[in-house]
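Notes for the one structure printed next.
Bear in mind that the values here come from a model prediction, so they are computed numbers and not experimental data.
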Amino acid sequence: MSEPQHHGSDFESVLEEYPVKLENFEGPLDLLLHLIRKHEVDIYDIPIALITHQYLDYLDVMKELDLDLAGDFLVMAATLIHIKARMLVPRLEEEAEESHDPEDPREALVRRLIEHQRYKAAAELLHERETVRSAQWGLPEERLGDLAGEPFERELEVDLFGLLQAFQSVLKRARERPTFRLPSAEVSIETRTRELLQRLENIDACGFEDLFDKDRGRGELVTTFLAVLEMIRLNLIRVFQSASFGPIRVYRCDRPDDAPPPFGDPAHEAPDDMVGAAGAETDD
Amino acid sequence: MSDELKPIIEALIFASPDPLAPKTLFRLLDSEPQEDVAQAVAALRADYEAHGGLQMVEVAGGYQICTRPELHEWVRKLFHEHSKQRLSVQALETLAVVAYKQPITGAEISEIRGVNTSGVIGTLLERQLVKVVGRKQVVGRPFLYATTREFLNRFGLSDLEDLPKVEEMAEALGMEVPSSLAAGPSTEPLPFDDDVLDDGAGDAGAVVDDDDARRRR
Amino acid sequence: MSDELKPIIEALIFASPDPLAPKTLFRLLDSEPQEDVAQAVAALRADYEAHGGLQMVEVAGGYQICTRPELHEWVRKLFHEHSKQRLSVQALETLAVVAYKQPITGAEISEIRGVNTSGVIGTLLERQLVKVVGRKQVVGRPFLYATTREFLNRFGLSDLEDLPKVEEMAEALGMEVPSSLAAGPSTEPLPFDDDVLDDGAGDAGAVVDDDDARRRR
């Protein structure tokens, strides 16, 4: 029984795989922990002068390398210097602050470091759980519709953020939704007919879709379409399609003498068969 | 031999979104003789015959594990079971519109969302996330909907003023807020400056006003 | 009795879009005594222990049937893709803080981690691993974050109590926690105290989800 090549790699070396790169300190606490480990000093008895010195040196290196020196690192530098100062004058401090903080000035920092270290450990354990879990494949989402016997819509666990996001997407859609207008009075069918004829003047033929390429919005598209129908009726253009669903070509032709009168001619109401007849020629 | 293959084949058939064709199975297990694979499949099918609530069927040229037809009534019941914590995208969007635009009629919600929402409002009423708070004084006197106390509980809000505003969320996400949005502490509980939609909700007095309804037509 | 229930329960767990909570199972099978249902579930789990390529796990407060992790590489071949995208160290550490200290504000997370975390929280919100459960009643009324069901699901945890405990952690660190620190005069509660964890989880539950909090008792 041969196994796929990568088998096991995900499980056995979870901790090694955990993507900690000490060079890329996530923050000042990471850097401090690194220095403490590097110098093998006791976290509960940090030689504050040494560590502060090292920490500041590191910041200098970061500056030289032009790394993005986050403010968090500078805040920690100030904290270290402050602790160092208090270590140098412990008696005075204690009297000044009464019994408020009789403890080692390093204690608060140590507590933070320990806590931070615990969360790092927790993150590693979580990563381990994630690795195992991601190796357990559940029933694919696609199958749920079959099993439900009807279209399946997944329900989400929602929070305030989800609520706001949902509202934003509704508003976005509302803004993007096309507005419906009938052909506006701004461009009449007659005007559009003239424009299209002018375009066809020089080229003799073009693709059907090309006639619409200047149109913005549904209203203009409708105007152009009606103009095309009108032009067909007036025998100003001919429209051909090579095959079902094939491209439609539009050809200009000279207006014969027996052509019907123009659309909108007050002397002649638009005949009922106008759209039908023209439609038959464009269809298919 | 077949005993080692069976679990692998079972896992593959289970995890496959489509019926798993024998051809695919042979390819995935290409280090094994095809007759062994075929034999393991046969053995697995026999197991499922004797087995409990699931069965292995051959469909569309492949194998699939599914629930036994006699149990479909139970499965159907399951899919009609809705957790209180969860909402469909439809329901969530509708709830969001009610939350930020209340009080609001069903027709207004449908207009904002661009789809009919009556079914979803039913779901939200059933789950007590929205309630009817009155009727709008326009033709047809439609119901006005608003969110409930259960809605506040559900989202950990003490009152409607607690609803997040867009700039706060941007902050929580570590994004830059366009200055137009961040401008000034609004006394208005509603979060959006939106030309099209804000008027109606922003002015609570105007919501139940005829003018407002006319403007939307 | 349990023999008749087992196939039904198996079909339900198999077909459930999310891990099937015992509560839901009891409701679906409300004509049966709960102890019979519980017994049938236990028997089914035992069957799956002995069984082939699938297993029954308890995750995110419910039961789920899924493939055995040992067969991962085979299943992965089926999808010609690598596993789900992993979380960054930043995201994992931030999640750990939220998980143990929930409900917690963004500022509190940054304080503990020693770095600004707003960007990471945004990522976690988007991936639905944390959620906003309300606002802290202090100046600025910042959002309170907690972990989601998806968080439990992603990390294979049955509930928040299933989070790794302090002893495991100390072991992973290879260090001892001195009693002075563990029980120290800190005004700030240490995070991995069970009491603190329980309270935190209970409170968060009480705010967002009564059912859930009750279930944990």
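Scanning all heavy atoms of the two residues, the minimum distance from B:Leu5 to B:Ala40 falls at CB-CB, 3.8 Å. A pairwise comparison of heavy atoms in C:Arg68 and C:Tyr48 identifies NH2-O, 2.8 Å as the closest pair.
Under the 3.5 Å distance criterion, with hydrogens and angles disregarded, no donor-acceptor pair is assigned to the side chains of C:Thr94 and C:Thr117.
Within 6.0 Å of NZ on B:Lys77 lie more than 12 heavy atoms contributed by other residues, nucleotides or ligands.
Heavy-atom distances place both the backbone and the side chain of B:Leu12 under 4.5 Å from chain C. C:Asp47 does not touch chain B: none of its heavy atoms, backbone or side chain, sits under 4.5 Å away.
The backbone N or O of C:Thr147 lies less than 3.5 Å from a partner atom in the side chain of C:Gln102, making a donor-acceptor pair.
With salt bridges taken as basic N to acidic carboxylate O contacts below 4.0 Å, none links B:Glu150 and B:Arg127. Under a 4.0 Å N-O distance rule, the pair B:Arg113/B:Glu93 qualifies as a salt bridge.
The candidate from B:Leu20, B:Asp162, B:Ile13 with the greatest count of non-hydrogen atom pairs under 4.5 Å with chain C is B:Asp162.
Proximity to chain C among residues 59-66 of chain B is limited to B:Ile65, B:Cys66, judged by heavy-atom separations below 4.5 angstrom.
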